[in-house]
Undergrad: 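Before I ask anything, let me first share the structure, which is written out below as structure tokens.
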Amino acid sequence: MQHELALFNKLANKLFEAEKNNPVAQPLPAEELFKQLDLSLSNNPATDFEETLEKLVLNTPRTSTRLFFNQLFGGRNPKATLGDLLAVLLNNSMYTYKVAGPQVGIEKEILKQICTRIGYPETSDGTFAPGGSMSNFMAMVMARDAFKDTIKNEGITQKLTLYTSKESHYSIPKNAALMGVGREQVRYIETDEFGKMNPHVLVQRIEKDLENGLHPFFVNATAGTTVLGAFDPIEPLSEICQNYGLWLHVDGAYCGSVIFSDQYQHLVNGLARTDSFSVNAHKMMGTPLTCSIIVTRHKQYLHNSFSNDAAYLYQTNDDDYNLGKTSLQCGRRNDALKFWTLWKSVGTNGLAALVHTQFELADAARAYVEQHPDYTNYSIENSISVCFNYKNIAPQELCTALYEHAELMVGYGTFRENEFVRLVTINAGNSIEDIITFFTVLERFVEENEMIFNDTVVTSEQDRL
Ligand SMILES: *Cc1c(COP(=O)(O)O)cnc(C)c1O
């Protein structure tokens, strides 16, 4: 392994150098991928293994640099990366204490800290899932079994309905399909002008379904909607769920990490009264992908829905230390260690500082947009998604041209009838100067390539019709 570690160091240094000089890698056109890189596998060992590996590394999109704003993750936190490298080296599987040893304690400590922070009782517990989509899936399955415990043995015989906002993540309908509830039983609740779920409309939809003899069982609230970064109002939603006996889950994949900040945790007020909550540490906390955590106040449902006896696996210790008993998976990689190395090294105050930096960067970006007349602002307050258009250029054209010219990685989104560029200030390693650089790169690019954009202006929904 010593040889490979040396090679790893060499490749890492080349990558760091490349990231500094060219924060955006020149994209390889998909049609030319197999022509430009030797990705082929054959019967014989490659003769140019190291060169090929280096080419692969240097041609891969750079998600850790100051010009990557394309997704809800970014940056490279060194302490978290160290933890993940160690997890790979140790290669434990998290299902049993016998195989994972103290790593079980790492996971349990994180889960306990989060449950305590959000005000869940002693009866709470949680696990790590392979991503926010799967955390939502686990919440939905627990809610189904809490609604009727016999479903997991007998199958679904009644029409179950569930509720989520129009701005929520696509994993909700996808999971409804996967779990046999059906996409058509998902009710998309209207939001207000700031993208937050409207509780009055929710009550109306529940009432209507009850009148029609259907069976509401689950409400999903979002802490940080994927496009606008809006926070659904948890307090009124929890009131409604209590009245109707529905499971309330908060999907905090994007912005649930505000729980670590005394200054911003008010955005999820009411969390203590929910049934489950999920958060992706690979988003706001900047750990490497993936690091998704789901907690529930009802430990018994986590166990009831996900445990299965297996004499060949569970041979020592009790269920509290055999984490496979509350997991979606069997063999499971250690996603906890990278978050623990980060948390241990900076403390909860350090996690709060990551949150604060992201909101400060977003505030600076919004201020820039508002001060410059060539920009139109579409973003809401208290969000780390900064949404705007520039000089009426169609956002899709602008984002794609910036990517193809290796200038910037940024994406676009829509809310109601508007399409816009979405700048996400998720990389806490960035400074305000980096955010200003984002705008200057964009402006210079438009100025130098005016002809590309001559024909493309933003069209509203009305114009298109
Ligand atoms: C990112 C995101 C998810 C999905 O998380 P993955 O880890 O990508 O599966 C779910 N919900 C919201 C609100 C998200 O932003």
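Numbering of ligands and ligand atoms starts at 1, following listing order. All heavy atoms count here, side chains included; hydrogens, waters and symmetry mates do not.
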Undergrad: To which protein heavy atom is atom 1 (C) of ligand 1 closest, and what is the distance rounded to 0.1 Å?
TA: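 Residue, atom and distance for the closest contact: K283 NZ, 1.4 Å.
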Undergrad: Mark up the atoms of ligand 1 that fall under 4.0 Å of a heavy atom belonging to A253, in ascending order.
TA: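 Selected atoms, number and element: 2 (C), 3 (C), 10 (C), 11 (N), 12 (C), 14 (C).
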Undergrad: Kindly assign one of parallel, tilted or perpendicular to the pair Y264 and H356, based on the angle between their ring planes and the thresholds 30° and 60°.
TA: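 Because their plane-to-plane angle lies in the 30° to 60° range, the rings of Y264 and H356 count as tilted.
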Undergrad: List the residues meeting side chain to side chain contact (heavy atoms under 4.5 Å, CB included) with E404, not counting sequence neighbours, and say none if there are none.
TA: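 For E404 the side chain to side chain contact (heavy atoms under 4.5 Å, CB included) partners, ignoring immediate neighbours, are T400.
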Undergrad: Salt bridge or not for D145 and K148, using N-O below 4.0 Å?
TA: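 Here D145 does not pair with K148 in a salt bridge, since their nearest N and O are not under 4.0 Å apart.
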Undergrad: Measure the distance from atom 11 (N) of ligand 1 to every protein heavy atom, then report the residue, atom name and distance (to 0.1 Å) of the closest one.
TA: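 The protein heavy atom lying closest is D251 OD2, 2.6 Å.
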Undergrad: Output the list of atoms in ligand 1 that are nearer than 4.0 Å to some heavy atom of H282, sorted by atom number.
TA: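 Once the distances to H282 are compared, the set is 7 (O).
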Undergrad: Out of all atoms in ligand 1, which are within 4.0 Å of some heavy atom of S133? Include the element for each.
TA: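 Here the atoms of ligand 1 in question are 4 (C), 5 (O), 6 (P), 9 (O).
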Undergrad: If the cut-off is 4.0 Å to any non-hydrogen atom of N280, which atoms of ligand 1 fall inside it?
TA: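 Ligand 1 atoms under the 4.0 Å threshold to N280: 5 (O), 6 (P), 7 (O).
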Undergrad: Tell me if the aromatic rings of F218 and Y163 count as close, with their centers under 6.0 Å from one another.
TA: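 Between Y163 and F218, which both carry aromatic rings, the centre distance is not below 6.0 Å.
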Undergrad: For atom 5 (O) of ligand 1, which of the options S292, G132, S278, G229 provides the nearest non-hydrogen atom?
TA: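 Residue with the shortest heavy-atom distance to the ligand atom: G132.
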Undergrad: What's the verdict on salt bridge (Lys or Arg N to Asp or Glu O under 4.0 Å) for R333 and D84, showing C-alpha distance, side-chain angles and the deciding distance?
TA: CA-CA 10 Å; R333 82 188 298 284; D84 211 13; 3.4 Å; yes
Undergrad: Do any pairs count as a salt bridge (Lys or Arg N to Asp or Glu O under 4.0 Å) and have a residue in residues 174-194, sequence neighbours left out, and if so which ones?
TA: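 As it turns out, the salt bridge (Lys or Arg N to Asp or Glu O under 4.0 Å) pairs with a partner in residues 174-194, which skip direct neighbours, are K166-E190, R187-D209.
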Undergrad: Going by the atom numbers of ligand 1, which of them fall below 4.0 Å from some non-hydrogen atom of G224?
TA: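 Answer, ordered by atom number: 13 (C).
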Undergrad: Going by the atom numbers of ligand 1, which of them fall below 4.0 Å from some non-hydrogen atom of T226?
TA: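 This gives 12 (C), 13 (C), 14 (C), 15 (O) as the contact atoms.
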Undergrad: Please name the residue in the list Y378, F439, F420, Y368 that meets the ring pair (Phe, Tyr, Trp, His ring centres under 6.0 Å) test with F388.
TA: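 So the option named by the test is F439.
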Undergrad: Please confirm whether L72 approaches ligand 1 to less than 4.0 Å, judged on its heavy atoms.
TA: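 In this structure, L72 qualifies as a contact of ligand 1 - some heavy atom is under 4.0 Å.
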